[in-house]
Q: 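First, the structure itself, so that you have it in front of you.
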Amino acid sequence: MARNERRRRATRLGGTFPADSATLADGFREDVIAGLSLPRKALPPKYFYDARGSRLFEKICRLREYYPTRSELALTRAHLGAIARFAGCGCTLIEYGSGEGLKSRLLIEALRPAAYVPVDISQAALRGATAALRRRFPWLNIVAVHGDFSQPLKIPVGAGARSFSGRRVVYFPGSTIGNLTPAEAHAFLRMTRGQVGPRGAMLVGVDLKKDARVLHAAYNDAGGVTAAFNLNLLARINRELGGDFDLRRFGHYAFYNVAQGRIEMHLVSLAAQAASIGSHRFEFEAGESIHTENSYKYSLEEFRALARRAGFRAPRAWLDRRGRFALHGLAAD
Ligand code: SAH
Ligand code: AVI
């Protein structure tokens, strides 16, 4: 079935807009084959998040070494009043990469939005978070969107039982923006600038540049949860695409690339080997890697400059007490 036909047939399911479920599945196969055919093999990090990947990420968020979640939760609690005044109560709150929705709960409580639109590529995370939020905030109009924010995405603002009113605020926590290249981050910010309109705003969680040892520990936890998260990408390829990757012959490798200001995650082939997906065969030399994720870190000024180039003003930023993580308040006017 053609992609456009699938799009037309997409219907509202169980309170979730499956913007493109079938297209997302097609995209996975195409992107994996294209990524493994590159001279330097690479896979897009958005494919980490199947149901198991989302569960592993939730475990990462609770690790002693992984400070970003704790830091962002702490700064959000500490500055909630000021953050709510900046965003404005009664707004329509659109959250990209909403995941488990831990921080969203704090914002929803403080902002009492007219509507909440979580967008996530992980159907499992979206379903779980939406059900929990519906129990906790029975008054809240939630319209969950299963989709990929790296593609033009139609947000059903105004669709559903009630039309949404008020200012539009896009929430993008967790430093998920760091998983985009700076050029992709710029394009994403421009897209959201158009989406929120001249009166709108954005709240973006951004991990700050810091001591490389702290960063290294956060992406190389002693319990091996990040390694399992990384390797799950190959397990997902085996499960969903019929691949025959031998997970015992790939290793997790993460390091801080100072020149690029980013953590790089790789899966390194521990031996000369080959793996197949259907009729596609991929050869690996011993030590050759698949680049699976970048996680860019930005100083306050670097991120402000990026936001300004995309058409936002950057009047506010809130930090945790240790200065590890920032929540930027961006204004469109
Ligand atoms: N916001 C949460 C989760 C961050 S993890 C937090 O701050 O803890 C990143 C989330 O973004 C995951 O839930 C993942 O499924 C989602 N995600 C990653 N790439 C995406 C994409 N291209 N489109 C939509 N969601 C995406
Ligand atoms: C979702 N994202 C911001 C996480 C990060 O820190 O880049 C994903 C992650 N990768 C390894 N650990 C966590």
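Counting convention: from 1, in listed order, for ligands and their atoms alike.
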Q: For ligand 1 and Ala125, I'd like to know whether there is a polar contact (N/O to N/O, distance under 3.5 Å).
A: no
Q: Among all protein heavy atoms in this structure, tell me which lies nearest to atom 13 (O) of ligand 1, with the distance rounded to 0.1 Å.
A: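 Going atom by atom, the protein heavy atom closest to atom 13 (O) of ligand 1 ends up being Asp120 OD2, 2.7 Å.
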Q: Any idea which protein heavy atom is nearest atom 5 (S) of ligand 1, and the distance to it?
A: Phe57 CE2, 3.3 Å
Q: Once rounded to the nearest 0.5 Å, what's the spacing between atom CG of Leu180 and atom CG of Asn294?
A: 10.0 Å
Q: Does Glu65 use its side chain to pair, donor to acceptor, with the backbone of Ala222 at less than 3.5 Å?
A: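 Indeed, once roles are kept as given, a pair shorter than 3.5 Å links the two residues.
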Q: Counting heavy atoms only, name the option from Ser98, Ser104, Gly97 that's nearest to atom 10 (C) of ligand 1.
A: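 That would be Gly97.
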Q: Provide, to 0.1 Å, the distance between atom 7 (O) of ligand 2 and the closest protein heavy atom, together with that atom's residue and name.
A: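 Nearest protein contact, heavy atoms only, for atom 7 (O) of ligand 2 is Ser295 OG, 2.7 Å.
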Q: State the CD1-CG distance between Ile83 and Leu75, to the nearest 0.5 angstrom.
A: 6.0 Å
Q: Considering heavy atoms of the protein only, find what lies nearest to atom 9 (C) of ligand 2 and give residue, atom and distance to 0.1 Å.
A: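 So the nearest neighbour among protein heavy atoms is Glu293 OE1, 3.7 Å.
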Q: Has Lys41 got its NZ or CZ under 6.0 Å from the middle of the six-membered ring of Phe284, at an angle within 45 degrees of the ring axis?
A: yes
Q: Considering non-hydrogen atoms of the protein only, which is the closest contact for atom 19 (N) of ligand 1, and what is the distance?
A: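 Ranking protein heavy atoms by distance from atom 19 (N) of ligand 1, first comes Lys46 CB, 3.6 Å.
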Q: I'd like to know whether ligand 1 has Gly101 as a neighbour, heavy-atom separation below 4.0 Å.
A: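 For ligand 1, residue contact (heavy atoms, under 4.0 Å) with Gly101 is absent.
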Q: Taking all heavy atoms of Gly147 and all of Val119, pick out the closest pair and write down the distance.
A: O-CG1, 4.3 Å
Q: Would you say the ring centroid of Phe229 lies under 6.0 angstrom from that of Tyr49?
A: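 Yes, close enough.
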Q: Checking the side chain of Asp221 only, and the main-chain atoms of Thr226 only, is there a donor and an acceptor separated by less than 3.5 Å?
A: yes
Q: By number and element, which atoms of ligand 2 are closer than 4.0 Å to a non-hydrogen atom of Ser175?
A: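 Within the 4.0 Å cut-off of Ser175, ligand 2 contributes 3 (C).
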Q: Look at the side chain of Lys210 and the backbone N and O of Leu208, then say whether any donor-acceptor pair between them is shorter than 3.5 Å.
A: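 Checking the backbone N and O of Leu208 against the side chain of Lys210, a donor-acceptor pair under 3.5 Å is found.
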Q: With respect to Asn179, determine whether any N or O atom, backbone or side chain, lies less than 3.5 Å from an N or O atom of ligand 2.
A: yes
Q: Considering only heavy atoms, does Asp148 approach ligand 1 within less than 4.0 Å through its side chain, its backbone, both, or neither?
A: both
Q: Can you report which non-hydrogen protein atom sits closest to atom 9 (C) of ligand 1, along with the distance?
A: Thr176 OG1, 3.5 Å
Q: So which of Phe57, Tyr49, Tyr66 gets nearest to atom 6 (O) of ligand 2, if we judge by its closest heavy atom?
A: Tyr66
Q: Near Gly174, which atoms of ligand 2 are under 4.0 Å from a heavy atom of that residue?
A: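 In order of number, 3 (C).
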Q: Under a 4.0 angstrom heavy-atom cut-off, which atoms of ligand 1 come close to Gly147?
A: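 The list of qualifying atoms is 23 (N), 24 (C).
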Q: Applying a 4.0 Å heavy-atom criterion (strictly less than), which segment of Lys103 is in contact with ligand 1: side chain, backbone, both, or neither?
A: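 Side chain only.
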Q: Suppose I only count heavy atoms of Gly99 and a 4.0 Å limit; which atoms of ligand 1 are within that range?
A: 13 (O)
Q: Could you tell me the separation between the CZ atom of Arg309 and the CZ atom of Arg190, rounded to the nearest 0.5 Å?
A: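 Taking CZ in Arg309 and CZ in Arg190, the distance rounds to 11.5 Å.
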Q: Short list, please: which atoms of ligand 1 are under 4.0 Å from a heavy atom of Gly174?
A: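 It comes down to these atoms of ligand 1: 7 (O).
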Q: So for Pro173, does at least one of its heavy atoms come nearer than 4.0 angstrom to any atom of ligand 1?
A: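 Yes; Pro173 lies near enough to ligand 1 that a heavy-atom distance drops under 4.0 Å.
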Q: Can you tell me the protein heavy atom closest to atom 23 (N) of ligand 1 and the distance?
A: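 It is Phe149 N, 2.9 Å.
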Q: Return the minimal non-hydrogen interatomic distance between Gln273 and Arg249, and the atom names on each side.
A: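 Heavy atoms only, the tightest pair is NE2-O, 2.9 Å.
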Q: So how far is it from Asn141 CG to Arg134 CZ, rounded to the nearest 0.5 Å?
A: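 If I round to the nearest 0.5 Å, the distance is 8.5 Å.
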Q: Counting each atom of ligand 2 from 1 as listed, which ones have a heavy atom of Phe229 under 4.0 Å away?
A: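 It comes down to these atoms of ligand 2: 10 (N).
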Q: What is the distance from atom CZ of Phe255 to atom CZ of Arg262, rounded to the nearest 0.5 Å?
A: 7.5 Å
Q: Ignoring angles and geometry beyond distance, decide whether Val119 reaches within less than 3.5 Å of ligand 1 through its nitrogen or oxygen atoms.
A: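 Between Val119 and ligand 1 (N or O atoms, distance only) the closest approach is not under 3.5 Å.
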Q: Could you list which atoms of ligand 1 come closer than 4.0 Å to a heavy atom of Ser122?
A: 15 (O)
Q: For atom 25 (N) of ligand 1, what is the nearest protein heavy atom, given as residue, atom name and distance?
A: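 Looking at atom 25 (N) of ligand 1, the protein heavy atom closest to it is Ile121 N, 3.1 Å.
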Q: Report the part of Tyr49 in contact with ligand 1, treating N, CA, C, O as backbone and CB onward as side chain, heavy atoms under 4.0 Å; options are side chain, backbone, both, neither.
A: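 The answer is the side chain of Tyr49.
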Q: Any donor-acceptor pair under 3.5 Å linking the side chain of Ser175 with the backbone of Asp207?
A: yes
Q: Establish, yes or no, whether the cationic atom of Arg324 lies under 6.0 Å from the six-membered ring centre of Tyr67 and within 45° of the ring axis.
A: yes
Q: Test of understanding: clusters of I, L, V, M, F, W, Y form through side-chain heavy atoms closer than 4.5 Å, transitively. Do Val268 and Leu36 belong to the same one?
A: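 They do not share one cluster, since no chain of ILVMFWY contacts under 4.5 Å joins Val268 to Leu36.
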